[in-house]
Structures are given as C-alpha cells and as structure tokens.
Amino acid sequence: MKLFDVYSIFDIEIVKALGSKLWDNKGNEYLDLYGGHAVISVGHSHPDYIKAINGQLQNIGFYSNSIKIGLQEELADKLGEMSGYHDYQLFLCNSGAEANENAFKLASFYNGRKKIIAFTSAFHGRTSLAVAATDNPSICAPVNQNEHVVFLPFNDFESFEKEINEEVSAVILEGIQGVGGVHIPSPEFLKHIESLCAKFGVCLILDEVQSGYGRTGKFFAHQYAGITPHLITVAKGMGNGFPLAGVLIHPLFKARKEMLGTTFGGNYLACAAGTAVLDIIKKENLIQNAVEMGDYLKSRLSGLSAIKEVRGQGLMLGIDMHEPCVEIRKKLLFKYRIFTGASSDKNTMRILPSLAVKSDEIDLFIDALTASLIT
Ligand SMILES: Cc1ncc(COP(=O)(O)O)c(C=O)c1O
C-alpha cells in the first residue's frame with residue numbers, strides 16, 4: 001500500500017532527537033527551530049517526559065472514558081494552576097481541530113445559535129467546522145462550506161461592530177495568528193470583541209493551539225490583553241508530540257452527560273505526557289526562557305537589513321522578508337541544517353523553537369541566516 005500523497009516533504013529522515021537537536025539516518029545533526037509546527041514545547045526526548053510516559057505504560061496505557069481516570073484530574077488541576085484558569089473546566093481530546101470543533105458545539109449548545117465570526121488569514125484546523133472557519137478555500141471541500149461562517153478583516157473594529165448581533169453563536173480567533181503569518185490581534189481589538197460578545201450573548205473562543213502553553217511569554221497569548229474568553233482551545237505544545245488537546249470551559253457552561261465525547265481523549269499516556277510537560281515548564285522556568293530568548297532573537301535579527309519586520313511575541317516569531325523566503329529556508333535546511341517554518345504569507349518565515357532553546361542555538365541560526373542572505 002502507498003501513502004496518500006498529501007504532504008510536501010523534504011527528503012530527510014530524522015531518526016533521533018534531543019532538546020533542539022535532530023539527527024538524520026546518515027548521522028547529520030540539525031537545529032530544530034520549528035518543533036514540527038510548534039509542537040515541541042519542552043524539547044525533544046526530555047528525560048522527565050520519557051520517564052513519565054514509559055512509567056505510565058508499565059502500569060496501563062489505555063482505557064476508555066467510561067471509568068474514572070485520576071490522571072485527567074491531575075492534569076486539569078495543574079493546567080488550571082499554571083494558566084490562571086483554576087475555575088474553568090477541561091474537556092480533553094486529541095487534536096487542535098477537534099478542540100475547536102468541540103468549542104463550536106459548546107457555544108452553540110449554550111446559546112442555541114449557529115452563526116460564527118472568524119477572521120481573514122485564520123487557521124483553525126481541517127475538520128468540519130474548524131476548516132469552515134479557516135480562511136483557505138483550497139482546503140475546504142464543498143461539504144465543509146458553511147453559510148453560517150463569515151470572515152471579517154483582522155483588527156478591524158468597524159466591520160466587527162456591523163456584523164456582531166444576537167444571531168451570532170461564537171467569535172473565534174487565534175491568540176496570535178500562526179499559519180497566516182504571525183499577526184497579533186491588538187489588545188484594544190480583543191477587548192472590544194470581548195465587550196461586544198458580552199453585550200450580545202456571543203461566546204468568545206480563543207484558539208491558543210499554536211500560541212498557548214507559554215510560547216509567547218504568557219501562558220496564553222490573549223493574557224497580554226487581559227481578556228477572559230468563554231472557551232480556550234489548546235493542543236500542539238500541550239503534549240510535546242503526544243497527541244493531546246483540550247478545551248478550557250468557562251464555569252457558566254454546564255456539562256450534560258454525552259454532550260461531548262471521544263474514545264482516545266484524555267487516555268493515560270496522553271495525560272502522563274501532558275502532566276510531564278507542565279511539570280517541566282514549571283521546573284525549568286520555560287515561560288521566562290521564552291521571554292528572554294524571544295527578546296534575544298528579536299534583538300539579533302534587528303541588525304539584518306534583508307528583514308522587513310519581525311512580528312510576534314516570545315518564541316512565536318514571524319520574520320518578514322522583502323521577498324519570498326522559500327529559497328532562504330531551503331538554504332538554511334540543506335546547507336546549514338536548520339529547520340524553520342513557512343506560513344501562508346510567502347515572505348514570512350516562522351520561528352517556533354522549543355521553549356528551552358538556548359542563546360548559543362540562536363547565535364547559530366543568526367550566523368546561518370546572515371550567510372544565507374549574502375551567498
Ligand atoms: C491555531 C491553530 N488552530 C488549530 C490547528 C489545528 O490543529 P491540529 O492540526 O492539531 O488539528 C492549528 C494547526 O496548525 C493551528 O495552528
């Protein structure tokens with residue numbers, strides 16, 4: 001059987017990883033500044049993470065959500081404490097798209113409405129409603145096109161005021177837009193959205209799948225604006241590579257048996273991985289490291305004239321060039337062995353390293369980028 005050929009892949013086979021380093025099957029070493037789409041939060045193959053998953057597997061790896069799984073409560077307590085959302089409830093699932101799908105359902109169950117407001121350049125996943133709220137028609141099949149979803153220009157107060165009313169079920173936006181090219185919603189815009197959502201009984205969903213888990217220097221990017229969403233979706237860095245996602249749910253929402261569900265969500269291994277991630281973030285002060293290394297990277301980039309702008313916060317950065325960055329990224333990968341990320345804005349390269357990245361690794365990148373720009 002052949003694989004269904006949907007990914008543009010590099011001809012590199014990575015077989016080993018540690019921290020921010022990767023090795024291919026020929027023994028070549030790479031620097032990972034992308035973490036496989038912002039997934040690697042605490043670093044590859046962290047010993048505490050390995051120990052937690054291995055240890056759990058010795059006892060039990062899986063049983064369904066028809067029994068009590070104490071590890072889920074442990075994960076929820078730790079997440080509540082570290083994110084500041086102690087009084088929220090947690091629904092565990094497996095991917096960012098699934099988290100958003102469940103957030104839309106919760107909003108609609110809550111207010112009985114159907115309409116969704118999303119924004120230009122948004123990415124929320126590839127399943128039914130998540131892809132309908134993603135601003136990319138090429139990945140939205142006819143069956144996913146949804147007349148209830150409208151897209152508004154990002155950071156535009158006027159169009160938002162015109163569109164929001166008592167018919168809207170939910171407004172969804174990313175803490176910082178990732179795939180779209182690292183665009184930050186202004187704090188004023190977020191506050192305005194929050195207040196109009198409250199006025200019209202609309203649920204505010206913050207998609208922190210990419211921008212969450214300390215990546216931006218706060219646990220969630222929206223915390224820079226001091227807003228309180230009704231629903232917050234998480235995935236990617238939550239499991240550091242183990243499929244794990246969740247929806248943080250405002251106490252106003254009351255659970256009803258069977259209203260949501262999943263077979264794999266919140267299984268023992270996923271919870272062991274997720275709890276280890278939070279413990280490592282806390283023990284190694286990785287959110288502070290994201291602030292410091294993000295500032296350091298920004299300051300080193302500021303000297304390079306080929307760069308038009310650096311957008312983002314902490315370790316979620318978009319390097320906007322004067323021209324398409326595809327050739328530079330190829331050079332970084334094949335000549336200097338550094339992984340970076342693309343975005344739907346062809347001039348913008350995404351840098352999404354582990355939150356434990358070190359300054360000498362950033363120096364390596366700056367040297368390689370400088371050399372790539374002149375040769
Ligand atoms: C902001 C955001 N939301 C949702 C998703 C979808 O996550 P997943 O691929 O885990 O379904 C992504 C994936 O890139 C994302 O960046």
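Whatever order the structure lists ligands and atoms in, that order sets their numbers, starting from 1. Just so it is clear, the values below take in all heavy atoms, side chains as well, and ignore hydrogens, waters and symmetry mates.
If you look at Arg126 next to ligand 1, there are no close heavy atoms at all, none under 4.0 Å.
Using a 4.0 angstrom heavy-atom cutoff, Glu174 counts as in contact with ligand 1. Using a non-hydrogen distance threshold of 4.0 Å, Glu98 does not register as a contact of ligand 1.
Screening Asp207, Thr134, Asp135 for a side chain to side chain donor-acceptor pair (under 3.5 Å) with His124, the sole residue that qualifies is Asp207. Screening Glu147, Glu163, Glu167 for a salt bridge (charged side-chain N to carboxylate O under 4.0 Å, His left out) involving Lys115 leaves a single residue, Glu163.
Taking the ring centre of Phe109 as origin, the terminal cationic atom of Arg256 falls inside the region bounded by 6.0 Å and 45° from the ring axis.
In this structure, atom 15 (C) of ligand 1 lies nearest to the protein heavy atom Phe123 CD2, 3.7 Å. The protein heavy-atom contact nearest to atom 3 (N) of ligand 1 is Asp207 OD2, 2.7 Å. Among all protein heavy atoms, the one lying closest to atom 16 (O) of ligand 1 is Gln210 NE2, 2.9 Å.
Every atom of ligand 1 with a heavy atom of Asn100 under 4.0 Å away is listed here by number and element: 3 (N), 4 (C). In the vicinity of Ser95, heavy-atom distances shorter than 4.0 Å reach the ligand 1 atoms 10 (O), 11 (O).
Comparing Glu208, Glu101, His124, Lys236 against atom 13 (C) of ligand 1, the shortest heavy-atom distance belongs to Lys236.
At under 3.5 Å, a nitrogen or oxygen of Ala97, whether backbone or side chain, sits near a nitrogen or oxygen of ligand 1. Close N/O approach between Gly96 and ligand 1 is found [any backbone or side-chain N/O within under 3.5 Å].
With salt bridges taken as basic N to acidic carboxylate O contacts below 4.0 Å, one links Lys68 and Glu73.
Aromatic rings from Phe157 and Phe189 are positioned such that their centres are separated by under 6.0 Å. Not less than 6.0 angstrom separates the ring centroid of Tyr268 from the ring centroid of Tyr63.
Remark: the backbone N or O of Val179 is paired with a side-chain donor or acceptor of Ser344 at under 3.5 angstrom.
In terms of hydrophobic clustering, with Ile, Leu, Val, Met, Phe, Trp and Tyr side chains grouped at heavy-atom distances under 4.5 Å, Met82 and Leu71 are assigned to different clusters.
In this structure, atom 10 (O) of ligand 1 has a protein heavy-atom contact shorter than 4.0 Å.
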